[in-house]
Amino acid sequence: MPYEQENIKPYHDAGDKTSQVEEMFDSIAPTYDKLNHRLSWDIDRGWRKKAIKQLAPYEPKTMLDIATGTGDFAILAAKMLRPQTLVGADISEGMMEIGRKKVEQEGLSDIIQFKKEDCLSLSYSDNTFDTVTAAFGIRNFANLDKGLKEIYRVLKEGGHLSIVELTRPVSFPMRQLFHVYSHTVLPIYGRLISKDQSAYAYLTATIEAFPQGEQMVEILKSAGFSDASFRRLTCGICTMYFATK
């Protein structure tokens with residue numbers, strides 16, 4: 001059964017969601033980093049660190065960062081965990097091109113490589129990676145179940161999945177404040193800076209529609225993962241998930 005966010009597209013035409021998401025991220029790539037950090041008041045940096053820290057005890061050597069975008073999560077993971085190899089996978093070449101420049105500036109080109117991948121049909125063999133990560137990207141999957149099963153497939157036995165995703169706060173008054181912010185400030189400011197009228201309205205819609213908390217844990221278990229758990233951050237604006245193959 002499709003999840004609600006799978007039917008939400010950035011642009012209201014007949015194109016498939018995957019193609020539209022690729023087009024949208026190519027369009028907003030030049031302003032993506034600035035907007036993300038400003039719209040979250042830089043709190044997103046702390047969320048990424050928490051998601052990476054939960055992987056530290058396992059000392060992963062081979063990592064895959066799904067929906068890597070401009071590589072912020074991949075770069076931080078490479079610095080904090082020092083894996084032998086880390087692949088940043090995304091459908092947007094525009095986003096990854098910015099990521100490649102950042103990786104070169106950080107001196108991490110020997111560890112991080114970028115590759116264009118359809119996250120619903122990964123090119124990697126079964127049991128390839130110690131760890132898979134996903135920061136603010138899985139809600140863009142056109143088929144969440146299929147995407148999670150692909151992640152499960154390429155993980156080694158005993159490997160771990162760490163997800164950090166924007167979510168709807170569940171408690172008063174943060175839930176009401178977030179609703180106002182996400183429906184006014186976020187799309188207006190996003191439109192002014194990125195010049196894409198649809199991108200940040202799409203962001204709000206997918207956050208509201210995406211399964212979260214206990215429901216997401218059950219979805220992870222249905223994909224094959226064991227010991228799936230979640231932790232809400234910053235009053236529920238963001239949720240961190242952890243699962244084991």
Side-chain angles (χ1 to χ4, degrees), residues 10 21-56 58-119 122-124 128-140 151 154 160-166 186 189-196 199-200 203 233-234 238 240:
V21 168
E22 179 181 0
E23 178 185 351
M24 179 191 73
F25 280 115
D26 282 344
S27 170
I28 67 174
T31 57
Y32 179 81
D33 284 338
K34 180 170 70 173
L35 267 171
N36 259 17
H37 298 320
R38 286 187 180 180
L39 288 169
S40 71
W41 304 292
D42 276 340
I43 299 172
D44 60 307
R45 301 179 193 272
W47 296 336
R48 289 184 178 92
K49 284 184 179 179
K50 285 182 170 63
I52 293 168
K53 282 181 180 178
Q54 66 183 351
L55 295 169
Y58 307 101
E59 300 181 347
K61 301 303 180 188
T62 55
M63 297 183 65
L64 173 65
D65 186 35
I66 289 283
T68 194
T70 62
D72 274 1
F73 195 95
I75 290 168
L76 192 59
K79 288 180 176 180
M80 292 177 64
L81 301 176
R82 303 304 298 180
Q84 293 174 354
T85 60
L86 194 160
V87 178
D90 206 287
I91 58 171
S92 169
E93 281 289 359
M95 298 284 277
M96 289 190 292
E97 190 53 39
I98 292 171
R100 291 184 183 101
K101 293 175 183 176
K102 288 159 64 174
V103 165
E104 186 176 355
Q105 290 170 355
E106 294 284 350
L108 294 170
S109 298
D110 58 330
I111 297 174
I112 301 173
Q113 60 176 291
F114 291 89
K115 188 173 180 183
K116 185 170 183 175
E117 290 276 343
D118 179 353
C119 298
L122 295 168
S123 65
Y124 297 98
T128 297
F129 298 98
D130 295 322
T131 292
V132 176
T133 57
F136 316 118
I138 60 169
R139 73 179 183 281
N140 296 312
I151 291 172
V154 301
H160 301 94
L161 169 63
S162 179
I163 295 171
V164 58
E165 189 55 84
L166 295 170
L186 194 153
Y189 188 66
R191 183 167 62 250
L192 288 173
I193 300 299
S194 73
K195 310 304 181 186
D196 189 314
Y200 286 86
L203 170 64
L233 306 175
T234 317
C238 178
M240 188 166 62

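The figures that follow rest on heavy atoms only: side chains count, while hydrogens, waters and symmetry mates do not.
Summarising the local packing, NZ of K49 is surrounded by 12 or fewer heavy atoms from other residues, nucleotides or ligands at distances under 6.0 Å. With a 6.0 Å radius and a threshold of 12 heavy atoms from other residues, nucleotides or ligands, K116 has its NZ atom above the threshold.
In this structure, the side chains of T128 and T62 stay at 4.5 Å or more apart for every pair of heavy atoms. With contacts defined as side-chain heavy-atom distances shorter than 4.5 Å, the pair T133/F73 qualifies. Counting heavy atoms from C-beta outward, I52 and S162 have side chains that stay 4.5 Å or more apart. Counting only heavy atoms from C-beta outward, the side chains of V103 and F114 approach each other to under 4.5 Å. The shortest side-chain heavy-atom distance between R48 and M80 does not fall under the 4.5 Å cut-off. For the pair L76/R45, no side-chain contact is recorded, criterion being any heavy-atom separation below 4.5 Å from C-beta on. Within the 4.5 Å cutoff, no side-chain heavy atoms of F129 are placed close to those of P60. Considering only heavy atoms from C-beta on, L203 stays 4.5 Å or farther from F136 through its side chain.
The closest donor-acceptor contact from the side chain of E165 to the backbone of G137 lies under 3.5 Å. E117 places a side-chain N or O within donor-acceptor distance of the main-chain N or O of S123, the cut-off being under 3.5 Å.
With values rounded to the nearest 0.5 angstrom, D130 atom CG is found 13.0 Å from Y58 atom OH. To the nearest 0.5 Å, atoms CD (Q54) and CD1 (I163) are separated by 10.0 Å. If you take CG on D72 and CG on D33, they are separated by 5.0 Å, rounding to the nearest 0.5 Å.
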* To do: Begin from the C-alpha positions of V164 and D44 and carry the test side-chain contact (heavy atoms from CB on, under 4.5 Å) through to its verdict.
  => CA-CA 10 Å; V164 58; D44 60 307; over 6 Å; no
- Would you please test Y32 and I98 for side-chain contact (heavy atoms from CB on, under 4.5 Å) and show each step? CA-CA 10 Å; Y32 179 81; I98 292 171; over 6 Å; no
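Taking both residues in full, the closest heavy atoms of I111 and A78 are given as CG2-CB, 4.2 Å, listed atom of the first, atom of the second, then distance. Here the closest heavy-atom approach between residue P83 and residue K61 is recorded as CB-O, 3.5 Å. Closest non-hydrogen pair, A199 versus I28, comes out as CB-CG2, 3.8 Å. Shown here for A89 and L64, the closest heavy-atom pair between the two residues is CB-CD1, 3.9 Å.
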Quiz: residues 90-97 side-chain donor-acceptor pairs under 3.5 angstrom, not counting sequence neighbours:
| residue | atom | partner | partner atom | Å |
| --- | --- | --- | --- | --- |
| D90 | OD1 | S92 | N | 2.9 |
| D90 | OD2 | T68 | N | 3.2 |
| D90 | OD2 | G69 | N | 2.7 |
| S92 | OG | D26 | OD1 | 2.6 |
| S92 | OG | M95 | N | 3.1 |
| E93 | OE1 | R100 | NH1 | 3.3 |
| E97 | OE1 | R100 | NH1 | 3.2 |

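Just one residue in the list L86, V87, T85 forms a side chain to side chain contact (heavy atoms under 4.5 Å, CB included) with I112, and that residue is L86.
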